[in-house]
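Here is the structure we will look at, set down as structure tokens.
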Amino acid sequence: TSKEEMLNLLGSIRRKFEDPDVKAKFSGFDRTLEFRFTDIDVSLHTRIHDQTMDPFTEGPLVKPNILVTCDSGTLKGILEGTLSALEAYSVGRLKVKGSMTDLLKLQILLKGWE
């Protein structure tokens with residue numbers, strides 16, 4: 001798995017965000033979101049604000065509001081619907097840091113969390 005593959009996968013989150021119903025759920029939300037991939041040593045981050053999501057860019061943030069740490073295969077499985085995010089979290093393959101309110105918003109964007 002490469003950085004480019006992860007950017008492409010994260011693009012599916014951005015596409016989901018373009019749905020007007022999803023976008024409406026982020027009214028007044030202004031947070032940074034970082035994904036750290038432990039197997040390829042890559043961090044990709046974005047900012048969600050004004051009901052928009054910035055493109056993902058490479059590099060770690062000093063203090064992201066929401067931090068998701070996993071290997072690339074775990075995120076791929078979650079976004080493709082072959083792995084439940086809740087299951088990955090419960091067995092330690094997926095780690096998330098942030099406020100409970102922010103994490104509840106994140107689950108809107110991740111398939112397999114429901």
message: Side-chain heavy atoms under 4.5 Å apart, restricted to Ile/Leu/Val/Met/Phe/Trp/Tyr: what other residues fall into the cluster of V91, or is it alone?
response: none
Between [X] and [Y], which heavy-atom pair has the shortest distance, and what is it?
| X | Y | value |
| --- | --- | --- |
| L79 | S12 | CD1-OG, 3.9 Å |
| M53 | F17 | N-CE2, 3.6 Å |
| I78 | S84 | CG1-C, 4.4 Å |

task: Describe, in one word, how the ring planes of F29 and F26 are oriented to each other, choosing from parallel (under 30°), tilted (30 to 60°) and perpendicular (over 60°).
output: perpendicular
Find out if a path of hydrophobic residues (ILVMFWY) with successive side-chain heavy-atom gaps under 4.5 Å connects [X] to [Y].
| X | Y | answer |
| --- | --- | --- |
| L67 | L86 | no |
| I108 | L83 | yes |
| Y89 | L75 | yes |
| I40 | L94 | yes |
| L44 | L61 | no |

Is a side-chain N or O of [X] found less than 3.5 angstrom from the main chain of [Y], in a donor-acceptor match?
| X | Y | value |
| --- | --- | --- |
| D39 | D71 | no |
| S27 | A24 | no |
| D50 | T52 | no |
| T32 | N65 | yes |
| E34 | P64 | no |
| E5 | S2 | yes |

Hey, could you give me the [atom1]/[atom2] distance between [X] and [Y], rounded to the nearest 0.5 Å?
| X | Y | atom1 | atom2 | result |
| --- | --- | --- | --- | --- |
| K105 | Q107 | NZ | CD | 10.5 Å |
| E18 | Q51 | CD | CD | 11.0 Å |
| R31 | I48 | CZ | CD1 | 9.5 Å |
| L10 | F37 | CG | CZ | 5.0 Å |
| D102 | K97 | CG | NZ | 14.5 Å |
| L33 | L109 | CG | CG | 8.0 Å |

task: Given side chain to side chain contact (heavy atoms under 4.5 Å, CB included), test S43 with R36 step by step and report yes or no.
output: CA-CA 4 Å; S43 291; R36 287 187 188 157; 3.2 Å; yes
message: Counting only heavy atoms not in D30 (residues, nucleotides, ligands), do more than 12 fall under 6.0 Å from its CG?
response: yes
message: For K76, I'd like to know if atom NZ has over 12 heavy atoms of other residues, nucleotides or ligands within 6.0 Å.
response: no
- prompt: Side chains of H45 and D54: is there a donor and an acceptor less than 3.5 Å apart?
  reply: no
